[in-house]
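A quick write-up on the structure given underneath.
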Amino acid sequence: NAGVTQTPKFQVLKTGQSMTLQCAQDMNHEYMSWYRQDPGMGLRLIHYSVGAGITDQGEVPNGYNVSRSTTEDFPLRLLSAAPSQTSVYFCASSSQQGGTEAFFGQGTRLTVV
Amino acid sequence: AQSVTQPDIHITVSEGASLELRCNYSYGATPYLFWYVQSPGQGLQLLLKYFSGDTLVQGIKGFEAEFKRSQSSFNLRKPSVHWSDAAEYFCAVGDTGFQKLVFGTGTRLLVSP
């Protein structure tokens with residue numbers, strides 16, 4: 001059981017480039033989320049999804065797009081990378097059943113130069 | 001709006017000494033509370049969670065936390081710290097769906113010999 005898998009683990013982009021961070025889970029969880037982690041700020045929610053075809057914005061959505069075509073996958077797209085998007089990105093999934101917690105991937109460290 | 005405060009940015013504890021990490025939250029209803037641990041370069045691992053019931057919850061690695069509604073606190077404790085406990089610790093509050101977690105800014109634990 002792999003849990004939550006994020007690819008790539010590291011990425012360097014030039015300002016203005018676009019890319020997609022991949023996230024896949026094999027636990028059949030309904031909920032998936034993307035967070036970014038910045039020093040001294042903890043983790044902040046970018047976008048989340050409560051099921052296939054349903055997404056919504058979190059606290060810091062600007063500059064990012066998401067879609068959820070399947071239960072398993074929840075990619076995060078950077079449309080035009082900016083240095084302010086240099087961060088560590090975490091994907092998480094959880095079940096809608098009460099009493100469960102969010103499971104996190106290992107993270108993607110993104111640097112925009 | 002939900003918020004989580006971890007007032008200590010970093011704490012140094014001697015190996016074998018007791019530990020308490022502070023967490024205060026702001027939430028309109030009964031909160032779902034979590035403590036996660038992050039080792040350098042790694043993802044987040046759940047230590048323990050509180051949803052309802054007994055206000056003293058036990059977690060993995062010998063950690064426990066106590067929910068105090070009157071103080072809006074959910075402090076993490078361990079009676080005897082090991083060098084391997086050195087990591088960053090995050091307190092988080094979630095809503096009933098668990099897909100939207102609000103994190104504190106984290107407390108970095110250093111363990112001295």
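Just so we're clear, the structure is a prediction, and the values are computed from it rather than from any experiment. Reminder, nothing fancy here: chain letters follow the sequence lines and each chain counts from 1.
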- Query: Can you name the closest pair of heavy atoms from B:Q42 and A:F90 and give their distance?
  - Reply: O-CZ, 3.8 Å
- Message: Using every non-hydrogen atom in the two residues, find where B:K100 and A:L45 come nearest and quote the distance to one decimal.
- Response: CG-CD2, 3.6 Å
- Item | Side chain, backbone, both or neither of B:Q45 within contact of chain A (heavy atoms, under 4.5 Å) | neither
- Task: Mind ranking B:V4, B:I9, B:V102, B:L46 by heavy-atom pairs under 4.5 Å with chain A and telling me who comes out on top?
- Result: B:L46
- If you tally heavy-atom pairs under 4.5 Å against chain A, which of B:E88, B:Q38, B:R108 wins? B:Q38
- Query: chain B heavy atoms under 4.5 Å from A:Q6: which part of the residue, side chain, backbone, both or neither?
  - Reply: neither
- Message: Counting C-beta onward and ignoring hydrogens, is there a side-chain heavy-atom pair between A:F104 and B:L101 closer than 4.5 Å?
- Response: yes
- Evaluate the side-chain proximity of B:Y36 to A:L43: yes if any heavy-atom separation is below 4.5 Å, no if none is. no
- Message: Are A:L21 and A:V113 linked, directly or through intermediate hydrophobic residues, by side-chain heavy-atom contacts shorter than 4.5 Å (ILVMFWY only)?
- Response: no
- Task: Consider only side-chain heavy atoms of I, L, V, M, F, W and Y, link residues closer than 4.5 Å, and tell whether A:F10 and A:V12 are in one cluster.
- Result: no
- Message: For chain B, which candidate among A:E59, A:E30, A:Q37 shows the most heavy-atom pairs at distances under 4.5 Å?
- Response: A:Q37
- Message: Can you confirm whether more than 12 heavy atoms, excluding those of A:R109, are under 6.0 Å from its CZ atom?
- Response: no
- Message: If I take atom CG from residue B:L48 and atom CD from residue A:E101, how far apart are they, to the nearest 0.5 angstrom?
- Response: 10.5 Å
